[in-house]
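Reading through the structure tokens given below for one structure.
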Amino acid sequence: MRRSKVLEERRKRVNPKARERVSMSFQIVDRIHGILEEKGLKQKDLALRLGKSEAEISKWMRGTHNFTIETLASIETALGAPILQVYRYPAHEMEPMFAAEP
């Protein structure tokens with residue numbers, strides 16, 4: 001996948017202490033860019049599908065936006081492709097959680 005020169009320059013300027021935290025945001029943006037490219041879509045198309053302005057999507061796609069779970073789920077639905085992979089434990093492997101008794 002071709003990477004954006006703008007994003008690469010931003011990555012170089014990230015404070016080393018914040019690099020790990022910001023790295024995931026860049027990975028999310030890279031994934032969204034990849035899905036758009038695979039599907040022949042533009043950021044404008046994503047904006048229309050989400051009912052957002054192109055300016056807002058552009059802001060998100062700079063790589064510094066703090067995505068919420070709700071936003072990521074909406075983007076996944078709009079694009080019909082997963083952005084994050086989360087391991088989901090089968091119900092039989094999960095231990096029930098109960099409130100502690102006083």
Side-chain angles (χ1 to χ4, degrees):
M1 177 175 77
R2 184 176 58 99
R3 289 192 163 196
S4 164
K5 288 181 184 180
V6 173
L7 289 178
E8 290 305 313
E9 285 302 314
R10 286 181 155 252
R11 283 184 174 101
K12 290 177 188 175
R13 293 191 306 252
V14 172
N15 178 321
K17 292 180 181 180
R19 191 175 306 277
E20 186 176 331
R21 183 183 51 207
V22 174
S23 176
M24 182 175 275
S25 182
F26 285 126
Q27 290 172 16
I28 290 168
V29 169
D30 285 345
R31 175 67 180 140
I32 295 168
H33 274 294
I35 295 167
L36 291 170
E37 192 172 278
E38 287 170 15
K39 295 184 177 271
L41 299 171
K42 304 285 183 200
Q43 288 183 26
K44 177 181 181 177
D45 301 310
L46 180 57
L48 290 170
R49 291 178 180 201
L50 292 172
K52 302 285 184 185
S53 70
E54 290 180 56
E56 185 171 1
I57 299 303
S58 179
K59 180 180 171 184
W60 291 358
M61 300 303 284
R62 289 186 191 126
T64 56
H65 182 71
N66 188 11
F67 289 98
T68 65
I69 297 298
E70 182 179 349
T71 300
L72 291 172
S74 295
I75 295 169
E76 285 184 342
T77 299
L79 295 177
I83 296 169
L84 299 179
Q85 184 174 2
V86 178
Y87 181 78
R88 290 179 172 85
Y89 292 97
H92 67 277
E93 289 184 19
M94 302 223 22
E95 293 184 27
M97 295 179 63
F98 301 97
E101 293 185 28

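Since we're looking at a predicted model, the values are computed, not measured.
For the pair His65 and Lys59, the tightest heavy-atom approach, listed with the atom from each and the gap, is CB-O, 4.4 Å. What you find for Phe67 and Trp60 is that their closest heavy atoms are CZ-O, 3.8 Å. Heavy atoms only, all atoms of each residue included: Ala81 and Arg31 are closest at CB-NH2, 4.3 Å. For the residue pair Leu50 and Ala78, the shortest heavy atom distance occurs at CD2-CB, 3.7 Å.
In this structure, the side chain of Glu76 engages the main chain of Ile83 through a donor-acceptor pair within 3.5 Å. Arg62 places no side-chain N or O within 3.5 Å of a backbone atom of Val29 that could act as its donor or acceptor partner.
In this structure, Ile32 CD1 and Leu46 CG are separated by 7.0 Å, a value rounded to the nearest 0.5 Å. Here the CD1 atom belonging to Ile75 is positioned 11.0 Å from the CD atom belonging to Glu70, to the nearest 0.5 angstrom. Interatomic distance, Glu37 CD to Lys42 NZ, rounded to the nearest 0.5 Å: 8.5 Å. Atoms CG and OG, on Leu48 and Ser53 in that order, are 10.5 Å from each other to the nearest 0.5 Å.
Both Met24 and Ile35 are members of a single hydrophobic cluster when ILVMFWY side chains are connected at heavy-atom separations under 4.5 Å. One hydrophobic cluster holds both Met61 and Leu84 under the rule that ILVMFWY side chains link at heavy-atom gaps under 4.5 Å.
Contacts of Glu9 classified as side-chain contact (heavy atoms from CB on, under 4.5 Å), with partners at least two apart in sequence or in another chain: Lys12, Arg13. Every residue two or more places apart in sequence or in another chain that forms a side chain to side chain donor-acceptor pair (under 3.5 Å) with Gln27 is listed here: Ser23. By the side chain to side chain donor-acceptor pair (under 3.5 Å) test, Thr71 pairs with Thr68, sequence neighbours left out.
Screening Ile57, Thr77, Leu41 for a side-chain contact (heavy atoms from CB on, under 4.5 Å) involving Arg49 leaves a single residue, Leu41.
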